Structure formats: C-alpha cells, structure tokens
Chemist: 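Take this structure first; my questions come after.
Ligands are counted one by one from 1 in listed order, and the atoms in each one are counted from 1 as well. This is a predicted model, so every value here is computed, not measured.
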Amino acid sequence: MDLTWTAQEDAFRAEVRAWLDTELAAWRRRHGGRIESGDTAEGFAQHLDWERTLFDARYAAVSWPIEYGGREASRWEWLIFEEEYYRAGGPQRVTQNGIFLLAPTIFELGTIEQRDHVLPRMAAAEDLWCQGWSEPNAGSDLAALTCRATRDGGRGGWVLDGQKTWTTRGAFCTHLFGLFRTDPGSDRHRGLTYLLVPLDLQGVTVRGFARLDGDEGFAEVFFDDAFLPDDALPGGVVLGVVGEGWSVAMATTSSERGLTLRAPGRFTATAARLVELYRERATVDDDLDPGLRDRVVQGWMEAEAYRWQTLQTVTDEAEGRPAGAASSFVKLWWSELDVSLHETALDLLDPDAELEAPWTKGWQFALSGPIYAGTNEIQRNIAAERVLGLPRK
Ligand SMILES: Cc1cc2nc3c(=O)[nH]c(=O)nc-3n(C[C@H](O)[C@H](O)[C@H](O)COP(=O)(O)OP(=O)(O)OC[C@H]3O[C@@H](n4cnc5c(N)ncnc54)[C@H](O)[C@@H]3O)c2cc1C
C-alpha cells in the first residue's frame, strides 16, 4: 500500500476543501442560518437544496461516470472527498440510501437501460430512493418476509400486497427498492424478487412516524393491491432475475456494511471535534477526570486505525480481493466506534450546562448504528461462521 497522495490527489483535496467552505456557508445563508434535521419535512427540503448544489458541481457522486453526473474519481479521491466533507461539517446526505446502497447494485446487476435512467436522476436528487426490506415480522430474519408481488401477465406487471416498516425517510422519498415474494409456494431465501417501485402507485400508502429523537425519520409503507407495471421504469422494475432477489439483496448489503455507507472521514472528523472539545473543557475545568483524556486519545486512535484499515480495504479491492463476509467486521467497527466517541463527548460536557445539541443528537443516532445495516449480533454470527469458520452452535 502506497501511503503518499499524488499531486493530482492533493489538488483534488484543495479544490474540494475550497468549494465546500464557500458553498456550505452560502447554503446556510440561503436558509437564514437555521438548518433543520434532514429527517423532518422542512429539513428534508433544505437538504435537497444542498444535494442539488452538490450535483451541479458534480460532487453528488464523485466516483460515478461523467454521463451520470459524477467525475470518474478514483476510490482514493472518493475517500478524500468524504474526509473533506465531514471535516467541513457537511450535512447528512438525505440521498444516501440511493447513492450508497442501491446504486452500487444497479452498477453491478442493472441493465444498461436501468443504469441510464435511474442513476442520473438519483444523482440529481430528482428521484429519491428508500430501502423497503424490513417488515413487522422480518428484521434480522429478513428471509421471513411476506410482502407479495403476484404476476399479472394480462396487464403486464406485478400486484403488490403487504407492509414494510422502518423505511428511512420513506415519507419524503419518491421510490422504494424492496424485496417481495414472487413465488407463492416458496419459503425463506428462495422465490424472492428485488423490485424498483415508484411510491405514487395507486394502492401504496406511506405513513411517516417518529424516531427516538422525535424526527419523522421512519415510515411504514403499505401495499394494498397496488399494480406495478413492468414499464413503470425504463429497463423494467426487476433488478436482477425474478426469483433471485436474495442474491441481489446480498450485493446491496455488502455495500451497506462495507466501504460505501460509512467512510472513515465521518469518524476522523468526529474524533477531531472530540479532541477540540477536550481542549476547551480542560481550560475551564481543572478537575477533569484524567481517565477522560485517555478515552479521547483512544477514540482518536481508533478512528485513525479505521482510516488505515479502509485504505487497506480499498487496496485489496483494487487488486481483486473483495472483502466478502469480512465486511461484517467493518460494520462492527464503525458502529461501535461511533457510540464510544459520542459517549466520551457526553461525559466531557459540563453536566450543569445544557447538553450541546449536536453531540446529544449525534449520540442518539449513533445508538442506532448497532441496529441498522444488520444488527451487530447478526454481524458477529456472520463473522464467526463465515470468516472464522466457527460452528453454528
Ligand atoms: C436508524 C435505522 C434505520 C433503518 N432503516 C431501514 C430502512 O431504511 N429500510 C429497512 O428495510 N429497514 C431499516 N431499518 C430496520 C433494520 O434493518 C432492523 O431494525 C434490523 O434489521 C433489526 O430488525 P428488527 O428491528 O426487526 O429486530 P429483531 O430482528 O427483532 O432483533 C431484536 C434483537 O434480537 C437480536 N437477534 C435477532 N436474531 C438473532 C440471532 N439469530 N442471533 C443473535 N441475536 C439475534 C437482534 O440482534 C436484536 O438485538 C432501520 C433501523 C434503524 C435503527
């Protein structure tokens, strides 16, 4: 692994840094300096404005081909972009479930027509995608899902029935990528199909509901005899092969748990803010517990270690050694690191003062990291069985 950045990569970093500093300030000014959470209706609209600013400058998905709105940036440049993004305090990406989860699967398994239609509209934040996998009785055990898609050959399409839940930002999205049982006689992992569904179909009801922090970040999606025509999207509504949805979904989970969803820049930026917070607190409080300093240093080192590990993963990938089931370790790492960085921050904050909103909000969200993208208990099972080769019982 070559740890030096090239002159071109340094120039890219400088360009991104300057652009972000100017444009983030302009975006905040446009909204009167009051940016709401992207998981509320008002905040989502503000964040969409930001997503479109990113797209106009070809920063919405830097590694994508030019014709889809990207810059054909290398994986390294993508990492640089993410580092700079979080360093500058860039907002949550409300398009992330499309760009970071669905898009890699479309690149891998979609038809040319699907790619040509879905990807540019996704980058431009014209179509907003949510993930429709979990159901009231199918979370960790996703293969227990019961949402049905019944073939209607006469009309040329699928009839959808059932319910999805925990659909992140579903109430604000226009499209859903979901898993449906298309073979009524099948069970578990067989007979499932990965469908691309516009949410404005008749018979689809989306009902937003609040998370722990009060924001309407989740939705339930109900399908009641909803007809999904084959030509609802150019290139068709089936991603991959009918009946083979499980293997398509596994391609998505390796993006979700592996490289793309949580770049190290997110955590190195949090660790840098934690160091800053420690310095501020140490100047006003002579009795600060020395154990806190150790935790700050430990958190900073773990964030750096995650960064080096990611550089290794990118090198492996570039040399044809994909992470496979080992991506479960990545998910365990970032989710637990995020919780511990925020817990240290909360312990550092003056208990008599109002707890600072960004740290409290960040902590509340960090708590969900060990649950979404497959719970950490499930990741430990996968790592134990498929990476370490331990017996199931
Ligand atoms: C912030 C957030 C965003 C989300 N966004 C989406 C989304 O956009 N789309 C979507 O489809 N879903 C989404 N989810 C849902 C998420 O995928 C599920 O919550 C997760 O898969 C767990 O399923 P469950 O909640 O039904 O819990 P359960 O599966 O009921 O698990 C309950 C507990 O039992 C443990 N457990 C279960 N099975 C085992 C086992 N075999 N071995 C050991 N322990 C086990 C789990 O680890 C967990 O601690 C989101 C969740 C969160 C928190």
Side-chain angles (χ1 to χ4, degrees), residues 37-40 44 92-103 105 128-147 160 162-181 188-189 192 194-197 199 206-223 239 245-246 248-250 252-257 260-262 266 328 331-332 334-336 338-339 342 361-386 390-393:
S37 153
D39 294 306
T40 61
F44 190 81
Q92 62 183 141
R93 299 290 308 273
V94 293
T95 51
Q96 70 169 26
N97 285 0
I99 291 178
F100 298 138
L101 303 188
L102 176 60
T105 314
L128 301 158
W129 289 85
C130 58
Q131 180 184 26
W133 291 17
S134 303
E135 298 181 4
N137 293 310
S140 300
D141 188 12
L142 186 60
L145 67 86
T146 58
C147 266
L160 310 182
Q163 182 196 341
K164 297 289 178 184
T165 191
W166 309 122
T167 316
T168 294
R169 288 186 279 275
F172 314 127
C173 286
T174 58
H175 290 70
L176 170 144
F177 55 98
L179 275 180
F180 292 81
R181 198 162 288 289
R188 308 292 302 159
H189 311 84
L192 302 173
Y194 199 120
L195 294 176
L196 306 174
V197 186
L199 285 172
V206 182
R207 199 160 63 196
F209 67 98
R211 301 186 310 204
L212 172 73
D213 61 4
D215 295 348
E216 198 183 276
F218 283 135
E220 296 171 303
V221 184
F222 299 89
F223 301 95
L239 183 56
W246 187 260
V248 185
M250 290 307 102
T252 304
T253 58
S254 64
S255 315
E256 192 172 20
R257 290 167 196 166
T260 50
L261 186 64
R262 295 290 181 245
R266 183 178 174 119
S328 289
K331 201 262 153 163
L332 286 167
W334 61 249
S335 57
E336 293 184 358
D338 206 23
V339 174
H342 284 88
K361 191 102 180 155
W363 171 70
Q364 285 170 338
F365 189 70
L367 291 181
S368 69
I371 304 173
Y372 67 83
T375 70
N376 283 10
E377 289 76 21
I378 296 298
Q379 303 317 308
R380 288 195 162 83
N381 286 348
I382 295 173
E385 289 163 26
R386 296 202 216 138
L390 299 176
R392 279 177 77 87
K393 297 269 183 208

Chemist: Evaluate F177 against L239 for side-chain contact (heavy atoms from CB on, under 4.5 Å), listing each step before the verdict.
Modeler: CA-CA 9 Å; F177 55 98; L239 183 56; over 6 Å; no
Chemist: Among all protein non-hydrogen atoms, which one is nearest to atom 19 (O) of ligand 1, and what is the separation to 0.1 Å?
Modeler: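 I find the closest protein heavy atom is I371 CG2, 3.6 Å.
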Chemist: For ligand 1, which atoms have a heavy atom of T168 less than 4.0 angstrom away?
Modeler: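 It comes down to these atoms of ligand 1: 3 (C), 4 (C), 5 (N), 6 (C), 7 (C), 8 (O).
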Chemist: Taking everything shown except W133 itself, do over 12 heavy atoms lie less than 6.0 Å from its CH2?
Modeler: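 For W133, atom CH2 is crowded (more than 12 foreign heavy atoms under 6.0 Å).
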Chemist: Enumerate the atoms of ligand 1 whose separation from the nearest heavy atom of S368 is less than 4.0 angstrom.
Modeler: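 So the answer, numbered in order with elements, is 1 (C), 53 (C).
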Chemist: Can you check whether a protein heavy atom sits less than 4.0 angstrom from atom 34 (O) of ligand 1?
Modeler: no
Chemist: So does R188 have more than 12 non-hydrogen atoms from other groups sitting under 6.0 Å from CZ?
Modeler: yes
Chemist: Within a strict 4.5 Å, meaning less than it, do heavy atoms of the I382 and I378 side chains meet?
Modeler: yes
Chemist: Backbone, side chain, both or neither: what part of I378 comes under 4.0 angstrom of ligand 1, heavy atoms only?
Modeler: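 I378 to ligand 1: side-chain contact only, backbone stays beyond 4.0 Å.
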Chemist: Just by distance, do the side chain of R392 and the backbone of E385 share a donor-acceptor pair under 3.5 Å?
Modeler: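 Absent.
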Chemist: Counting only pairs under 3.5 Å, give me each side-chain donor-acceptor contact of residues 363-374, with atom names and distances, residues two or more places apart or in other chains.
Modeler:
from, atom 1, to, atom 2, distance (Å)
S368, OG, F365, O, 2.7
Y372, OH, R262, NE, 3.2
Y372, OH, R262, NH2, 2.7

Chemist: I want to check something: taking the side chain as every heavy atom from C-beta on, are V206 and V221 in contact at a cut-off of under 4.5 Å?
Modeler: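 V206 vs V221: side chains touch.
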Chemist: Hey, is atom 1 (C) of ligand 1 touched by any protein heavy atom at less than 4.0 Å?
Modeler: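 Protein heavy atom within 4.0 Å of atom 1 (C) of ligand 1: present.
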Chemist: Quick check: does T167 get an N/O under 3.5 Å from an N/O on ligand 1?
Modeler: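 Among all N and O atoms of T167, none is under 3.5 Å from an N or O of ligand 1.
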Chemist: Please identify which atoms of ligand 1 are closer than 4.0 Å to at least one heavy atom of W133.
Modeler: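 Near W133, the atoms of ligand 1 are 11 (O).
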Chemist: Between R211, Q131, Q379, which one has a non-hydrogen atom sitting closest to atom 9 (N) of ligand 1?
Modeler: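 Looking at heavy atoms only, Q131 sits closest to atom 9 (N) of ligand 1.
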Chemist: Do you see a protein non-hydrogen atom under 4.0 Å from atom 15 (C) of ligand 1?
Modeler: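 Yes, at least one protein heavy atom sits under 4.0 Å from atom 15 (C) of ligand 1.
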Chemist: Could you tell me the residue and atom name of the protein heavy atom closest to atom 24 (P) of ligand 1, and the distance to it rounded to 0.1 Å?
Modeler: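 Residue, atom and distance for the closest contact: G139 CA, 4.0 Å.
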Chemist: Report the part of N381 (side chain from C-beta onward, or backbone N, CA, C, O) that has a heavy atom under 4.0 Å from ligand 1; answer both or neither where that applies.
Modeler: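 Near ligand 1, N381 shows its side chain, while the N, CA, C and O stay back.
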Chemist: So which protein heavy atom does atom 44 (N) of ligand 1 come closest to, and at what separation?
Modeler: E377 CB, 3.5 Å
Chemist: Heavy-atom pairs closer than 4.0 Å: do any link ligand 1 to the side chain of T375, the backbone, both, or neither?
Modeler: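 Under 4.0 Å from ligand 1, T375 contributes side-chain atoms alone.
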Chemist: Regarding ligand 1, does S140 bring an N or O atom to under 3.5 Å of one of the ligand's N or O atoms?
Modeler: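 It does: an N or O of S140 is found under 3.5 Å from an N or O of ligand 1.
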Chemist: Would you call D215 and K361 a salt bridge, using N to O less than 4.0 angstrom?
Modeler: yes
Chemist: Of the choices G369, C173, S134, which has the non-hydrogen atom that lies closest to atom 11 (O) of ligand 1?
Modeler: S134
Chemist: Compare all side-chain heavy atoms of T146 with those of R181 and state whether any distance is below 4.5 angstrom.
Modeler: no
Chemist: Is the closest side-chain heavy-atom distance between L102 and T252 below 4.5 Å?
Modeler: no
Chemist: Around atom 51 (C) of ligand 1, find the nearest protein heavy atom and jot down its residue, atom name and distance.
Modeler: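 Looking only at protein heavy atoms, the one closest to atom 51 (C) of ligand 1 is Y372 CB, 3.7 Å.
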Chemist: With a 4.5 Å limit on heavy-atom distance, are the side chains of C130 and N97 in contact?
Modeler: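 Of all side-chain heavy-atom pairs linking N97 with C130, none is under 4.5 Å.
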Chemist: Atom 25 (O) of ligand 1: which protein heavy atom is closest, and how many Å away?
Modeler: W166 NE1, 4.0 Å
